[in-house]
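See structure below.
Residue numbers count from 1 along this sequence. Read the numbers this way: they start at 1 and go in the same order the structure lists the ligands and their atoms.
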Amino acid sequence: MNPVKALENHRQAVWLDFLARGFVANGDLKRLIETDGVKGVTSNPSIFEKAIGSSDEYDGAIGQALKKGDRSVADLFEHLAVEDIQHAADVLRPVYDKSHGGDGFVSLEVSPYLAMDTKGTIAEAERLWKDVHRKNLMVKVPATPEGLPAIEYLIGEGISINITLLFSQQVYRQVAEAYLKGLEKYVAKGGDPSHIASVASFFVSRIDSAVDKQLDEKIAKANDPHEKERLAALKGKVAIANAKLAYQDYKRLFSGARWDKLKAKGAKPQRLLWASTGTKNKDYSDVLYVEELIGPDTVNTVPPATLDAFRDHGKVRDSLEENVDDARHVLEELEKSGISLDAITEELVKDGVKLFADAADKLYGAVAHKRATSLGGGIDHQKLALGATIGKAVEKSAEEWRASAKIRRLWQKDKSIWTGDDENKWLGWLTSAASADVADYEDFAQRVKWQNFTDAVVLGMGGSSLGPEVLAQTFPHRTGFPRLHVLDSTDPAQVRAMEEYVDISRTLFIVSSKSGGTTEPNVMKDYFFDRVAKAIGKELAGHRFIAVTDPGSSLQKVAIKQGFARIFYGDPAIGGRYSVLSPFGLVPAAAAGIDVRSLLGHTLAMVRSCGADVPPQENPGVQLGLAMGIAGLDGRDKVTIFSSPDVADFGAWAEQLIAESTGKDGKGLTPIEGETIGDAAVYGNDRFFIDLRTEGEHDAAHEAKLAALEAAGHPVVRIVMKSIDHIGQEFFRFEIATAVAGSILGINPFNQPDVEAAKIKTRELTAAFEKTGSLPAEQPVVSADGVDLYTDAQNAEDLRKAGANGDLNSWIKAHLSRSGRGDYVALLAYIERDGDTIDAMQAMRLKVRDAKHLATCAEFGPRFLHSTGQAYKGGPDSGVFLQVTTDDGHDLAVPGQKASFGVIKAAQARGDFDVLTERGRRALRVHLKGDLASGLAALDAAISAALN
Ligand SMILES: O=P(O)(O)OC[C@H]1O[C@](O)(CO)[C@@H](O)[C@@H]1O
Ligand SMILES: O=C[C@H](O)[C@H](O)COP(=O)(O)O
């Protein structure tokens, strides 16, 4: 007789420790049921990893599933697993029916990531039970301290459970107790226990592997030949002895008055199931863990190779209760040898959880890869060319992130990923896209449309303006909707330019400020409210304003008082620079008629790609973040962003995100935005390049330059977006990347400690103005033709030593001569930002870059104060700052206060400069008197002269 089939005669059920789609579909499982009398199937994360992860058998099914709509990697896996389990359960259903629910089960394990999480295990087990929806399902729950209460609870809910990762007799007794208690609860609720089944999967071969290892070490150390022999005799014996003794417990636990009561109600005993019965040590018989554990009312789940071997040469006998005393003796001998089985089994549970988690990581990684392949252009493409050193370091770090579950912990808001400060309170952006109220945005968009506005102007700074600016500049104007603009300045000329550009009586103003307390949006609002009131009447003015702000802010109060048309509330768990996928970006988007549903739909594909269930190796956000962080630590801390014409403004948004998040505590990444691409020779070894473009924008000349940078050994990341509609994917990718880079750098990526310092100084200066009618006097270090130069005593002394004397050229030359390798030169201009001034600034910065091979920044104040300003003051001391201020020929009054726009801007520039110099940074201020264009030309000439 077939030895496998013969086990039936010894009342032992053989289950198969294997599952794969084709195996069930092509009838192999059915055949084993018929020929070998196989009565069940078990699966675990390693089995699914082999089935799904290491084959292409499931690719079609993955494609099919995704056709119905994208889903997360965990969902996708679960969908496949549930289908497989259902198919196997259906094939085994006749066995289940014939044995009246005694056999014919298929087991599906809860995620190993939940092994230490009782609530999570319960929720997942209940979900799987519902989704699989088969009576002959067993949900596998590990026998960890957190698993035990879940087991009791789930049994109490009438769910059949297979307890896995069970190694010790003591834990086995707790498992049986959990089962009994669960049954008692179920019965007490009036449930019929006859349909509940449970097995306690007692692991075998892994024990021998662990014990034998320690025995070998002892044997190697022992001098006495008898001792060596005694120890050697224990090898390959302990696992079986342990299992045999557990069986003795089983007999005791499932007999007696307590059990009889349950039995009378129809309860079934929880059978012991021998798991891990594939022989690991080639020196042992390949059927060892079957032959030695045959006994009534037990199960042995065997891998296919063991099944084949046993069918071929297995010998059947009632072995389980043979020599029970010898088994005790084996364990005593082991204890005597100084090897603790308790310690080993405890370790094996931890190890088992880890091994299954490792397998799940591999499996999820493979599913993530298949999902990405199947979605193709649905997810923007990212290619990292990092060079050998950084590339290897990123690989190593990715593995470290995987092994310590950091991406899962990030999503679980575990602040220990960063500095352990308050990072957990700032992670609302992870879920803001998924939880957005799309219908409300659509309704709002319709209402805006009905009002026939010509323009919509966002009044805000930093995180409240840069996201909307990207949207305004990236998406074309939608007919029927207002044109979207952003104003983020206190420069009188710039405020006036906006006023002149729009039709005040037909414009919607979106006042955006998370805190509500930021100076610029408040004064801009006061100004335009006054103008609108003058144009259409005070009572109606509020109808043209909406506010986006966090609940309880001062802006909320003002908006209510002034009768704003609507207030949208932000999430206080999201910092400004991470807020674009929340009302701060989505309200302006909706107002401009951008399809918010489609924007978020595309975004969510990237959110899923960067999910907790996507291991670092396959996770595009984590990959980018690790690369940025590691390159930064390696001295390549100038993150240089090239954005193609269609997404040209993206860099301005990313710049704030990266600078304000990472630039602090003297560390950080300095974003370099807006530099046109140059030849490899103009760059120092402090660069890290990110190139972003849409698929349709292939520019051969640009690509050739990029390839040259890569060839010259610079790390280059290329991101190709399917189209501008995917811009949300990049917002989210960069957010995750920045958070990850922050972890690598060891900073809190969600605070901005140094911005506050400049704000305080500015407030002091404007308060002085309100009191006295003028800003405190200041003394230039030099007054030359058309310019005044200012700096603090230390900088002045250093500059004079470096050759600065009576004219502008000498000061600029001395200042630039202080910059060297690894530094960046930043032009910080508190002037109107328009096409001409942008061009003038660009010309100057590129001259510096090309002559000195240094990274350069060209920023406009006060805009940059809410963006890169944090990094300039708090980041690495590698900046050389040239502040540019100007007389504001035509100042503009702010209604209701003495300080005009010009005064506020001047106070902001001084506050900023004072903090820079207080921090010992290299800074020089050039104040241009008279006409701005001539002043900028003179500065340009001085820079040229200095560089020659
Ligand atoms: O939205 P708020 O509160 O006006 O802040 C605007 C910006 O100012 C900052 O706080 C820096 O000053 C940024 O972080 C923020 O995006
Ligand atoms: O339920 C089955 C177990 O997961 C399986 O038997 C473990 O076997 P292994 O130790 O060979 O991985």
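If you check which protein heavy atom lies closest to atom 11 (O) of ligand 2, you get Lys280 NZ, 2.7 Å. Closest protein heavy atom to atom 6 (O) of ligand 2: Asp17 OD2, 2.6 Å. For atom 3 (O) of ligand 1, the closest heavy atom belonging to the protein is Ser515 OG, 2.6 Å. The protein non-hydrogen atom at the shortest distance from atom 8 (O) of ligand 2 is Ser276 CA, 3.4 Å. When only non-hydrogen protein atoms are considered, atom 12 (O) of ligand 1 lies nearest to His866 ND1, 2.8 Å. The single protein non-hydrogen atom nearest to atom 4 (O) of ligand 2 is Asn44 ND2, 2.7 Å, given as residue, atom name and distance. For atom 11 (C) of ligand 1, the closest non-hydrogen atom of the protein is Glu660 OE2, 3.3 Å. The protein atom (non-hydrogen) at minimum distance from atom 7 (C) of ligand 2 is Phe203 CE2, 3.6 Å.
Of the heavy atoms in Lys140, only side-chain atoms (C-beta onward) come closer than 4.0 Å to ligand 2. Here Phe356 has side-chain heavy atoms under 4.0 Å from ligand 2, and that is the only part of it that gets that close.
In this structure, Arg566 fails the cation-pi test against Phe509, since its NZ or CZ atom is not both closer than 6.0 Å to the six-membered ring centre and inside 45 degrees of the ring normal.
Judged by the shortest distance from any of its heavy atoms, Glu756 lies outside the 4.0 Å radius around the atoms of ligand 1. Within the 4.0 Å heavy-atom cutoff, Gln870 does not count among the residues contacting ligand 1.
Contact atoms of ligand 1 toward Thr518: 2 (P), 3 (O), 4 (O), 5 (O) (distance under 4.0 Å to a heavy atom of the residue). Close approach of ligand 1 to Met461 (heavy-atom distance below 4.0 Å) involves ligand atoms 6 (C), 7 (C), 16 (O). Close approach of ligand 2 to Arg206 is summarised as follows: ligand atoms under 4.0 Å from at least one heavy atom of the residue are 7 (C), 9 (P), 10 (O), 12 (O). Within ligand 1, the atoms closer than 4.0 Å to a non-hydrogen atom of Gly463 are 15 (C), 16 (O), numbered from 1 in the order shown. Within ligand 1, the atoms closer than 4.0 Å to a non-hydrogen atom of Lys759 are 10 (O), 12 (O), numbered from 1 in the order shown. Those atoms of ligand 1 that come under 4.0 Å of a heavy atom in Ser513, given as number and element, are 1 (O), 2 (P), 3 (O), 4 (O). Here is the list of ligand 1 atoms found below 4.0 Å of a heavy atom in Val755: 11 (C), 12 (O). Interface of Gly462 with ligand 1, defined as ligand atoms under 4.0 Å from a residue heavy atom, comprises 16 (O).
Atom NZ of Lys213 has 12 or fewer heavy atoms from other residues, nucleotides or ligands within 6.0 Å.
In this structure, the ring of Trp429 has its center less than 6.0 angstrom from the ring center of Tyr578. You'll find the ring centres of Trp274 and Tyr289 outside the 6.0 Å limit.
For Asp17 (side chain) and Pro303 (main-chain N/O), no donor-acceptor pair under 3.5 Å exists by modelled atom type. The backbone N or O of Lys667 lies less than 3.5 Å from no partner atom in the side chain of Asp665, so there is not a single donor-acceptor pair.
Atom-to-atom distance recorded for Leu92:CG and Lys39:NZ is 10.5 Å, nearest 0.5 angstrom.
Residues Thr42 and Leu16 form no side-chain contact, since every pair of their non-hydrogen atoms from C-beta on lies 4.5 Å or further apart.
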